[in-house]
Amino acid sequence: MDPRYRQTLLQMMQSQAYRELAAAQMFGFGLQYVPELRWLKFMTWHIREEMEHYEDVVKMYHEFTGESVEPVVHARLKDKPIEFAQSWYELAMAQFLYDRGGFWQLQEYEACSFEPYRKTILKIIKEEKGHQALGERIVVELTRTGAFEGEKQAVFEKWLRQGLLSFGRPDTDGARYAISVGLRRRDPGPVMQDFIDDIKPAVKACGLKMPSMESIGIVPPASGLDLSLERTDEKLAQGWVA
Ligand SMILES: [Fe+2]
Ligand SMILES: [Fe+2]
């Protein structure tokens with residue numbers, strides 16, 4: 001195996017393992033804010049699935065390298081501590097944006113040229129499909145009660161940033177290489193745009209503003225991003241009731 005190909009795969013696996021464990025930890029920390037049994041059931045199920053995704057990546061890494069990725073992941077968690085949600089509203093926002101970002105990120109590896117990675121990712125994507133929509137629904141319903149007007153924009157920006165960080169930096173040599181050898185489909189730039197387009201109806205339904213990428217510390221692609229909500233139909237948001 002070409003050393004650069006192998007090195008890129010190692011990085012992909014390490015990042016994926018980090019994201020899955022970070023998700024399990026963040027949603028686990030948030031359990032204390034869950035107000036009702038029906039959402040507790042959803043959240044504990046979700047945490048378990050994120051932990052199992054972590055396990056899948058740990059196994060794949062071990063088969064590939066003969067080593068454990070766990071020390072790498074723990075070092076990275078220590079080095080780059082994850083953000084935690086501090087309320088039920090924030091947890092719902094994290095469920096919506098952090099999880100949705102991960103979902104769009106994973107889809108770029110659906111046709112990955114390294115078969116074991118592709119297989120693992122396809123299984124994770126199937127399960128992530130089941131996580132979609134509920135976070136968005138809770139955010140839209142809660143926001144439209146009017147009880148979160150003072151905090152909604154800041155909470156949105158915090159988790160929008162976390163969602164966007166899943167994609168990595170646009171226009172890098174590393175991404176160009178990964179695309180050229182079929183490890184990933186596209187540059188992070190267009191993936192960011194897909195994610196943004198996907199969340200626009202809910203953003204508009206909540207009366208939120210799209211911040212500039214620079215203001216939330218995200219490097220946009222050189223070609224720019226379309227952040228406009230003008231032609232967005234808020235009725236398409238989950239949880240929308242006229
Ligand atoms: Fe996951
Ligand atoms: Fe998830």
Side-chain angles (χ1 to χ4, degrees), residues 1-2 4-24 26 49-50 52-61 64 69 72-73 76 80 82 94-133 135-136 159-200 213 216-227:
M1 190 181 278
D2 176 73
R4 190 168 184 194
Y5 187 86
R6 184 187 156 81
Q7 189 52 36
T8 306
L9 264 171
L10 281 180
Q11 277 169 10
M12 282 161 51
M13 289 182 193
Q14 289 169 0
S15 306
Q16 193 56 34
Y18 166 83
R19 275 194 294 273
E20 300 293 359
L21 187 61
M26 189 265 289
E49 287 213 339
E50 298 300 356
E52 285 174 2
H53 298 166
Y54 177 58
E55 191 180 9
D56 292 335
V57 181
V58 169
K59 282 186 185 154
M60 167 170 60
Y61 191 90
F64 184 50
V69 74
V72 180
V73 172
R76 197 179 291 196
K80 284 201 257 173
I82 52 173
Q95 172 75 43
F96 172 29
L97 295 170
Y98 185 85
D99 213 50
R100 188 76 58 97
F103 180 65
W104 280 101
Q105 158 73 1
L106 286 167
Q107 293 185 85
E108 293 304 304
Y109 300 97
E110 268 176 343
C112 180
S113 55
F114 186 67
E115 202 211 349
Y117 195 79
R118 184 170 74 237
K119 270 186 153 169
T120 303
I121 292 298
L122 285 173
K123 175 187 177 273
I124 298 178
I125 290 177
K126 224 168 109 199
E127 296 188 353
E128 287 296 336
K129 282 197 174 130
H131 306 170
Q132 301 304 309
E136 175 173 344
W159 292 98
L160 178 64
R161 172 181 152 79
Q162 293 303 317
L164 285 163
L165 282 173
S166 323
F167 306 124
R169 221 183 153 99
D171 313 312
T172 62
D173 261 358
R176 272 190 287 274
Y177 170 75
I179 295 163
S180 74
V181 292
L183 282 173
R184 60 176 294 153
R185 195 154 61 99
R186 295 177 298 170
D187 190 75
V191 192
M192 284 179 172
Q193 186 65 60
D194 281 352
F195 164 72
I196 286 170
D197 290 341
D198 185 32
I199 65 170
K200 277 181 178 178
M213 293 298 104
I216 55 170
I218 294 289
V219 179
S223 52
L225 288 169
D226 172 15
L227 301 173

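Everything numeric here is computed off the predicted structure, so don't read it as measured data.
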Could you check whether the rings of His131 and His53 sit parallel, tilted or perpendicular, using 30° and 60° as the cut-offs?
-> parallel
Is the closest side-chain heavy-atom distance between Ile196 and Asp226 below 4.5 Å?
-> no
Side chains of Tyr61 and Leu10: closer than 4.5 Å at any heavy-atom pair?
-> yes
Do the side chain of Arg184 and the main chain of Ala178 share a donor and acceptor less than 3.5 angstrom apart?
-> no
For the residue pair Asp198 and Phe103, establish whether any side-chain heavy-atom pair is separated by less than 4.5 Å.
-> no
Trp159 to Leu97 - nearest heavy-atom pair and separation = O-CB, 3.6 Å
Can you tell me how far the CZ atom of Phe195 sits from the CG atom of Leu160, to the nearest 0.5 Å?
-> 5.5 Å
So CD of Gln95 and CD of Glu136: to nearest 0.5 Å the spacing works out to 11.5 Å
Pick one: which of Gln16, Lys119, Lys123 meets side-chain hydrogen bond (donor to acceptor under 3.5 Å, both in side chains) with Asp56?
-> Lys123
Any side-chain heavy atom of Ile82 sitting closer than 4.5 Å to one from Tyr18?
-> yes
With distance as the sole test, does Asp187 use its side chain to make a donor-acceptor pair with the main-chain N or O of Asp171 at under 3.5 Å?
-> yes
Closest heavy-atom pair and its distance - Gly135, Phe96 | C-CB, 3.7 Å
Apply side-chain contact (heavy atoms from CB on, under 4.5 Å) to Tyr5 and Phe114, showing your working.
-> CA-CA 10 Å; Tyr5 187 86; Phe114 186 67; 3.6 Å; yes
Quick one: closest heavy-atom pair of Met12 and Cys112, and the distance?
-> CE-SG, 4.2 Å
Decide if atom CZ of Arg169 counts as having more than 12 heavy atoms of other residues, nucleotides or ligands within a radius under 6.0 Å.
-> no
Tell me, do Glu128 and Glu49 make a side-chain contact under 4.5 Å, heavy atoms counted?
-> no
How far apart are the C-alpha atoms of Val58 and Val73, what are their side-chain angles, what is the distance that settles it, and do they pass the side-chain contact (heavy atoms from CB on, under 4.5 Å) test?
-> CA-CA 10 Å; Val58 169; Val73 172; over 6 Å; no
Where is the tightest heavy-atom contact between Pro220 and Pro170, given as atom of each residue plus distance?
-> C-CG, 3.8 Å
Taking Ser113 for its side chain and Val181 for its backbone only, find out whether a donor-acceptor pair lies under 3.5 Å.
-> yes
side-chain contact (heavy atoms from CB on, under 4.5 Å) between Met213 and Leu227, intermediate numbers included | CA-CA 9 Å; Met213 293 298 104; Leu227 301 173; 3.9 Å; yes
The reported gap from CZ in Arg118 to CD1 in Ile125 (rounded to nearest 0.5 angstrom) is 11.5 Å
Salt bridge check: are Arg176 and Asp173 linked by an N-O gap of less than 4.0 Å?
-> yes
What's the spacing between Leu183 CG and Leu9 CG if we round to 0.5 Å?
-> 5.0 Å
Report yes if some heavy atom in the side chain of Arg19 is under 4.5 Å from a heavy atom in the side chain of Gln105; otherwise report no.
-> yes
Does Trp104 offer a backbone N or O that forms a donor-acceptor pair with the side chain of Asp194 under 3.5 Å?
-> no
Taking every heavy atom of Gly102 against every heavy atom of Ser166, the minimum-distance pair comes out as N-OG, 3.9 Å
Would you kindly say whether Arg4 and Gln7 are connected by a side-chain donor-acceptor distance under 3.5 Å?
-> no
Gap between atom CG of Leu225 and atom CD1 of Ile218 - 0.5 Å precision | 10.0 Å
Ring-face cation contact, Phe64 with Arg6, 6.0 Å cut, 45° max = yes
Kindly give the heavy-atom pair with the smallest separation between Tyr98 and Ala22, and that separation in Å.
-> OH-CB, 3.6 Å
With distance as the sole test, does Arg161 use its side chain to make a donor-acceptor pair with the main-chain N or O of Gly217 at under 3.5 Å?
-> yes
Flag the pair Val57 / Ile124 as yes when at least one side-chain heavy-atom distance between them is below 4.5 Å, and no otherwise.
-> yes
State, with a plain yes or no, whether a side-chain heavy atom of Val69 is found less than 4.5 Å away from one of Met60.
-> no
Kindly compute the distance separating CE (Met26) from CD (Glu50), expressed to the nearest 0.5 Å.
-> 8.5 Å
